[in-house]
Amino acid sequence: MKLHADHLLDRLTRGGVLLTSKAGDTINTMTIGWGSISEYWGKNVLIVPVRKSRYTHDLLEESDNFTVSVPKYNEIAKKIGYCGANSGRDVDKFKECKFTAKPAKSVDTPIIGEAYLHYECRIIAKIDMNESHMSEAIIKNWYSGSDFHTLYFGEVVECYITD
Ligand SMILES: Cc1cc2nc3c(=O)[nH]c(=O)nc-3n(C[C@H](O)[C@H](O)[C@H](O)COP(=O)(O)O)c2cc1C
């Protein structure tokens, strides 16, 4: 499976990509700027870091899968900003951003039809970060109010380009 890792990592660090989750009938997406993709346990794995305060965290805790959608460069930059500044607890981001929730091939979380590179992932592990092995500088700069990330390890079951 071709993972398009260079492209994903480039977009993560330059603007962000969209992490979509679904629990029951609720679908939500949020912007992530961190993440990594590599081989773990003999599988292709995409790791996404989600702070406990995010609505996405609530949904992922009730789900076993997620999708990551990479938009074309700058095409939906404003929407990436919106999805990174507003919570699905308060707004329907799919509606506000006019995103199409397109059925995925292998998981029940949809992909975003307006994006062009898509990852469908099944959660195979997760780790709650905490201060015990973290440098003081990182705690001070990133976790002053606690609100640690959970790292979700998603096995990439599909990766493809649309358009
Ligand atoms: C460029 C950018 C990158 C972000 N990266 C992350 C991230 O990696 N992890 C995270 O938990 N929040 C990240 N955020 C913040 C969430 O996207 C933001 O809090 C969002 O409103 C959460 O939505 P939700 O409550 O619907 O899940 C980022 C925001 C922006 C603008």
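Only this structure's heavy atoms are used, side chains among them; waters, hydrogens and symmetry mates stay out. One-based numbering, in listed order, for ligands and for the atoms of each.
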Ring-plane angle category for His149 and Trp34, please: parallel below 30°, perpendicular beyond 60°, tilted otherwise. tilted
Tell me, which residues have any heavy atom less than 4.0 Å from some atom of ligand 1? Gly15, Asn28, Met30, Thr31, Ile32, Gly33, Trp34, Pro49, Val50, Arg51, Arg54, Tyr55, Thr56, Cys83, Gly84, Ala85, Asn86, Ser87, Gly88, Lys93, His149
We want to know whether His4 and Tyr119 form a side-chain donor-acceptor pair, criterion being a heavy-atom distance below 3.5 angstrom. no
Residues 154-161 side chain polar contacts: donor-acceptor under 3.5 Å, at least two apart:
{"residue": "Glu158", "atom": "OE2", "partner": "Ser106", "partner atom": "OG", "Å": "2.5"}
{"residue": "Tyr160", "atom": "OH", "partner": "Glu120", "partner atom": "OE2", "Å": "2.5"}

One thing to verify: whether Lys126 and Glu61 come together as a salt bridge, which I'm taking to mean a side-chain N less than 4.0 angstrom from a carboxylate O. yes
So which heavy atom on Thr67 is nearest to which on Pro110, and how close? OG1-O, 2.7 Å
Donor + acceptor pair across side chains of Asn28, Ser21 (<3.5 Å): no
